[in-house]
Structures are given as C-alpha cells and as structure tokens.
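Accompanying notes for the structure given below.
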Amino acid sequence: VDLDDLTLPEPTPEQFRRSLLHHLQYTVGTDPEHASKFDWRMALSYTIRDRALEPWFDATRRTWNEDRKRVYYLSMEFLIGRLLEDATINLGLRDVAVEVFDRLGLDFADIADDEPDAALGNGGLGRLAACYLESMATLGCPAYGYGIRYEHGLFKQRFEGGRQVEAPEDWLVTDNPWSFTRPESAYPVGFRGEVVEQDGRQIWTPQLQVLAEAHDTPVVGYGRQWANTLRLWAAKPSADLFDLERFNAGDFTAAAEPEAWARTLSRVLYPNDTTSRGKELRLSQEYFLTSASVQDIVRRYLETHDDLRRLPEYVAIQMNDTHPAIAGPELIRLLVDDHGFGFDAAVDLSTQVLGYTNHTLLPEALEHWSVGLMRKVLPRHLQIIEQLDRRDAELHGPRPEGVGLIGDDQVRMGDLAFVTSHKINGVSALHTDLVRRDLFPALDSLHPDRIVNVTNGVTPRRWIALANPPLAQLLTDTLGSGWETDLERLKGLEDHIDDPAFREAFGATKRQAKERLSGWLADHHGIEVPTDALYDVQVKRLHEYKRQLMNILWTIAHWQRIKRDPGAGWVPRVKIFGGKAAPSYVMAKDIIRLINDVAAVVNADPETRDLLQVVYPANYNVSMAEKLIPAADLSEQISTAGMEASGTGNMKFALNGALTIGTLDGANVEIREHVGADNFFLFGLTADEVTARRNEPDHARTAIEKSQAMRDVLQAIAEGTFSPDEPNRYGAILDMIWNSDWFLVASDFDSYDETQQAVDRTYLDHERWQRMALLNVARTGYFSSDRSVREYMSRIWNITPAL
Ligand SMILES: CCc1ccc([C@H](C)CC(=O)N[C@@H]2O[C@H](CO)[C@@H](O)[C@H](O)[C@H]2O)cc1
C-alpha cells in the first residue's frame, strides 16, 4: 500500500471542521447538538491523531527500508502529561484548530484542559524521558521508548487541614485516544522457579509467567516529518495462570490469586523518587519492563538480520538510571541460553549495546537488591551476575573494598549497570564530576573512557510554544520561525534589548502569563492572587535536599520584617509552592504542613496580606507546571550544593524569562555560566564547602546563633504561631535544624536572606530586571533537549538522524 494514498492534505479550516464532526458522530458516537466537553476533546483527539499516523508509518517504513540503527530508551517512568495540544502544535495544526473551535463557539484551550495527565512518573527522571522522546522524534532519530502502562500513575494530592492526602490516580477510566493495543506484540516474562544444569547449559524453568502486552503511542516530532513509538507494557495473566482445579474445589479467591498477582505488575507506579525500598514487586516490575523490551528488541533485529554479533551496529539501549539495569544480565541470558553465545562474547556484545545514565548521588536512591531476593525472583540472572562479578575480578585483579557487583549480600545495581555499559553519563557537568570522584572512583580508574557528561535539556515545544503562546509569538515576530528547532537562535534577542518597545512587549508576555495563572488558580483552586506582584515560585518534588524548608523559613522572616516596618516600600510578593512528597516520607509531609500553616496565618494577616501571599495549589503535575512556569519572575533552585544532579525546572524557568535564585548545584552552574553571573542571584556554600561544613561539629547551632533573623523565625514556630492549637507540632523539624541539619539550611540561611533582599532591590529597578530576564531567555538556548539528544547520538548511541 503506497502511503501517498493515505496522505491527508494540510487541512483547510473547512476540512478540519468536517473531520472533527465526522469523528464526533462516527467515532465518539455523539450528536453534535448534545456533545459534552469530553466528547469534543475525544473527537478533536481522533482528528489530530489521524494526522499523526502518516509521519509515524513513514518513519517506521524508512527505518526498516534503510535498515537504520535504532535507539531504545528503557525507563520505569515517562512523565508525559497531556498529549493533545503537544501533538497539535508539532503537526502545525494549532491555529486551524483554534479557529474552527472559535467558529463552533467553543474554546480550544478549554477543551484541551479536559485531558487527564499521563502521570507515569515521579519527577525529573520521568519528565526528562518524555522531553527526550519528543526531541528524538523532532530530530528524526529512530527510537522507541519502553515503559510500563501503569493503570494508576503518580497519586493525586489534596490537602486536608494542610496535610498531604493521597488518592489513586486513574487516567485510564476514560478511553485513551493516543494508545493502540498491539496484542500481536506480547511476550512471556518468567519469574522465580529454578535453574538446572543440562549438558553444560543452564536451563531456567520459571515458576510464574505473565504476558507483557504492548500498547503503542505515537510520539510526533515538531514539523510533522517524523514520529517514533512509545511502547508501554501491560501485564496480562497468561492463560494457564487461572487455577481451575482450586476454583472447582470452591476456593475461588485462591484460584484467582496468580492472576491477580500478574495484574499487579503494571497496576501502580511506585511513588518514591529518591528512596529504593527493596520491594519484590518493584524488582518484578523492573524485570517485567526489561525482559519484554529486550525480547522485543532482539525479535525486531532478527526479522531483518541473522547475525546477532552485529547487534551493536543496529541497536543502542539506554538505561534510564539503574531501574532497568537488569537489562545487562537479561541480554546476556538470551544470547547465551537461547542463541548459543559464549559468556565472554555475550558480555562484550551487551556492553557495546548498553548505556547507563545516572540521575542521583543520594545513597538511599542507589538500588541494591538482596542476593536472597534476586535468587528467589531471578535465579538465572543471579547466576549471570555472580559470573560477571567473578569475570570482573579475574580481569582486574583484587578490587578495593566496596567495589564489585555483590557485597554485604547485596547486588549493587549501579556497579552492574557500569560494567555492562560502554558509556555511563551524569546529567550535568558538576554531577558527572561527582559521579566520577564519589560514586564510581574505582571503576572510573579501571575504565577511564567510560564516564561522559550529557547535561540535561527540556523541549522548547512544550515548555515555550505550548506553555507560553504570547512569548512564543514574540519570539517568532522578532526572530522569525525556526527557533523551535534551533533554540540557540534565541541569542538574536540580544540585538533588541535596548529597544524599550521590545522590552515592553516582553514584559507584556509575563503580565499575560500572570493573568492567565491567577485566573486559573481562582477557577480551579479557589486561590486569589494579585497580578501586580513578584511571583516567586518553587515547584518540584518535596525533599529535604531541595530545601523547601529554607524557603518557608525565609518567608516567615520576610513576614516578620514587613510587620516590623510595613511602610518600608516592600515589593509585593506571591510565594508559590507546588510539589508532592512520597507517601512514606514523614519529614517531607511535615514541611508541606508547615508551608500550609504559614500560608493560613500570613494570608490572613491584615497588616501584610497585600505585600505577601503564600499559595500552595495541590496536585502539582506537568499541566500545572505549564501554567505556573511562564508566570514566574523568580525561580527557586536552592538545593544543598552537590545534591541536585541537574534540575530541569531551572531550565524551563530561565527559558520563560524568570531569574534564578540558586546555589552552585547541578545545572544551575551551567545556567549561570550561560546567562552571566550578573543575571543570576547566586548564594550559599559550594559542594566542597558543604562537605567541609558538615564535618564541623554543631555547624547548625553555630549558624543559628549568628543569625538573629533565623532565631526569630525558629522562635515563632516553637511558640506555635503557625499551629496555635498544637504549639509543638513542628518539634521534629526544629530538633532536626538545631541538632543535625544535614542539608545545611541554617548554614546557608543568611546568604539566602541577603540574596532575597537583593532580588527585591533589583525588582524595583524595572528596566534592569527586564534586561536580566531577557538575557536569561536569550542565553539559555543551550538547554534544549535537542542539544542533549544530539550529544547522546554522537557520544553514546553513535546514530545519525534521518532528517
Ligand atoms: C528507586 C526509587 C527512585 C526513583 C527515581 C529516582 C530518580 C533518579 C530521581 C530523579 O528523578 N532524579 C532527578 O533526575 C533529573 C533528571 O536527570 C535531575 O534533573 C534531578 O536533578 C534529579 O533529582 C531515584 C530513585
């Protein structure tokens, strides 16, 4: 079938309207007279989807026909958000869609708002995977994303009495128009059981087996030239799992048990984003994703190639952190057990194919699985890991303490990923240096060419074109179109910086974003905020190292200062927080409650409420980020130096004209290098100073005793100013700050405070602020995920784009 027969022309408004009404009637099955917002959204989705299929089929065919190398991005998380508007923009159909809905008396943005977020991720790692998929499609890099089709994504957050309460997320209650079930692409995945040796070969007979069923979503690149596939696996009980015997014996629940077990594998996303809990289900989910994906990759390769030794020429597999690190042993297992490879040859081949990205240095986030659990769930893989470990010891002689794949009865997934990968990368320049020096010093010295840096990036399509249409329009009016796929062209803005009219137009885009946000907060959260104030925003997962606590402590100090001298010409501020805490992370939940308790008191204070508002809209997610980030003046990137691997929110804020107050941590370092030190509010200890300060006894008490402002803040909290009905509600937080303060909130407080006051002084100089904001936009084109993906393609995947 020639694709040209299927080609749908660039639709005129009339053709678009006709196709929309066609789907409304014949796909959604609704009479237009009675169509709901949901019906229109579904009809619009099918109309847009139609035009996504052409570049999808075309790309798939070209990749096959030209026998192109493919990259496979394995990730336990893809924090996609909504797809409708993103696909509409990348297919160049937003203007015609907006026009047609106008004519129908409907509002495109309102209809698009009806789509649930695909919240198949926790935070940075998951969102990065989504940005990279979109960039790979935009660049014409043949690629598949492999993930799990969780029935329930990241929990829904709401506040009860200021406390976080979690509720199941259920994005699949309504049809998902962007996913195609591929029952023909299903793979058995085995668990448990035993391995027996038979004439020199290891035979693994799994005790349990589930079916991994593929669900494909097209990922359309900007410009409608290419589309890749996100393949999400759903766990299905293989037929023989239902225990009919038990059922006939009347033991109904027991009969259904194995089935129920099977379904749990893709039931829910683990909501922890920094702590590996060593749960069997989590290991089983990781193997479920990895085995189905590696089987699918080898099957696709063997469809047009018969020599597996040439696999590295046609296949690159990227492991998104250690979560899919079992991919090494799994590929070795298939090569040795099913394709007769020798062990060494299989290891060499796998290592050439695999790459591993590390996203965190937090000890509690580094995955270790007990040897016992690995033996129970994956006995054959444990054998392979033990053989790998022996081989590594033979190859490199005695290894220093703590090095090796297995230690203290634990399998170290970081080391495993390292020795089975040809390239390991960190996600910012500083982070990669720390990965080399602190995480893998011994392995780095054994393999000095393996660790490389690829600094993170974000897609300008979603984070400017979609999230901030007024700014996008100004960029196009000023630079012409094309900046969307060549973000370094933003530099051209510097030529206009001395033009007051241009600066005014730029300022207008920020005002528009604030009006849109304050309208949305009022409608969706019943939160009233003024638009003529400095919007100071911290949105990210709740974690002590991200120091939302230092932010709210400073807010209290600022409130106390205003109360002491209300007439001092304060800059009105709206403090916006957003973010979820892992359900079992008690301290993080305490900090959320403190922020809400402070907000309740400060917002109700007649003396200060026109000068300071604290808001915390519940259930921060990708869609909320798209509304919050364009409206921000100040971006809070205040983590303890050395602890935030990169950050990506920091990039999104800068690209939308917010100024950063931040430490020399993660990608903040590179953002400051690009925008210039004069256009960045730097404060705090450096990573090396942090290490030194932690070794000083009583460093917190010393710092607090030096800071009147901090003492007043801690005093107010201890007195129950924000919890009058329970004065010692925040005993744990106060005790932590005075007596341990591992994240150095006390040590960095005064520096943070001085810098926040500099922010106020600068904001009062309107022109200076505009210039700094414009230079942030102009000089952060480097942080496009297109640049990151190009670096992966050249430094790690050895792939050339098809476009
Ligand atoms: C096993 C539990 C678990 C789950 C997720 C993670 C992720 C690695 C945490 C994460 O999202 N890390 C963030 O990754 C971003 C993308 O590279 C970085 O920008 C952030 O700095 C980093 O915290 C660790 C541990």
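The shown structure was predicted, so the numbers you read here are calculated from the model rather than taken from an experiment. Just follow the structure's listing: the first ligand is 1, and inside any ligand the first atom is 1.
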*Starting from atom 2 (C) of ligand 1, find the nearest protein heavy-atom neighbour and note its residue, name and distance.*
T275 O, 3.6 Å
*Identified side chain to side chain contact (heavy atoms under 4.5 Å, CB included) partner of C131 from the options T459, N456, T648, L79*: T459
*So which protein heavy atom does atom 18 (C) of ligand 1 come closest to, and at what separation?*
G647 N, 3.7 Å
_Would you say that V669 contacts S428 through its side chain, given a criterion of any heavy-atom pair below 4.5 Å between the two side chains?_
no
*Just do the side chain to side chain contact (heavy atoms under 4.5 Å, CB included) check on M651 and S646 with the steps written out, would you?*
CA-CA 10 Å; M651 300 164 184; S646 164; 3.7 Å; yes
*asked:* For ligand 1 and S646, I'd like to know whether there is a polar contact (N/O to N/O, distance under 3.5 Å).
replied: yes
*Give a yes or no on whether a salt bridge exists between R693 and E689, defined as a side-chain N under 4.0 angstrom from a carboxylate O.*
no
*Which heavy atom of the protein is the closest neighbour of atom 11 (O) of ligand 1, given with residue, atom name and distance?*
L125 N, 3.0 Å
*Hey, does T432 have a side-chain heavy atom less than 4.5 Å from the side chain of N425?*
no
*Enumerate the atoms of ligand 1 whose separation from the nearest heavy atom of Y545 is less than 4.0 angstrom.*
23 (O)
*Could you see which bit of R127 sits under 4.0 Å from ligand 1, with heavy atoms only: side chain, backbone, both or neither?*
neither
*Parallel, tilted or perpendicular, as decided by the 30° and 60° cut-offs, for the rings of Y132 and Y792*: perpendicular
*Measure centre to centre between the rings of Y144 and Y72, then say whether the value is under 6.0 Å.*
yes
_For atom 22 (C) of ligand 1, closest protein heavy-atom neighbour_ = H359 O, 3.4 Å
*Are the charged groups of D389 and R412 less than 4.0 angstrom apart, N to O?*
no
*Looking at atom 24 (C) of ligand 1, what's its closest protein heavy atom, distance included?*
D273 O, 3.4 Å
*Please identify which atoms of ligand 1 are closer than 4.0 Å to at least one heavy atom of N456.*
16 (C), 17 (O), 18 (C), 19 (O)
*With backbone taken as N, CA, C and O and side chain as the heavy atoms from C-beta onward, which portion of L362 lies under 4.0 Å from ligand 1: side chain, backbone, both, or neither?*
neither
*Say whether A645, considering both its backbone and side-chain N or O atoms, lies within less than 3.5 Å of an N or O atom on ligand 1.*
yes
*Salt-bridge test for K376 and E280: reply yes if a basic N is under 4.0 Å from a carboxylate O, no otherwise.*
yes
*Where's the contact between N272 and ligand 1, heavy-atom distance under 4.0 Å: side chain, backbone, both or neither?*
backbone
*asked:* Considering both backbone and side-chain atoms of L128, is one of its nitrogen or oxygen atoms within less than 3.5 Å of a nitrogen or oxygen in ligand 1?
replied: no
_Closest protein heavy atom (residue, atom, distance) for atom 5 (C) of ligand 1_ = H323 CE1, 3.5 Å
_How far is atom 21 (O) of ligand 1 from the closest protein heavy atom, and which atom is that?_
E644 OE2, 2.6 Å
*Would you check whether D321 has a nitrogen or oxygen atom less than 3.5 angstrom from a nitrogen or oxygen atom of ligand 1?*
no
*Side chains of N679 and N776: donor-acceptor distance under 3.5 Å anywhere?*
no
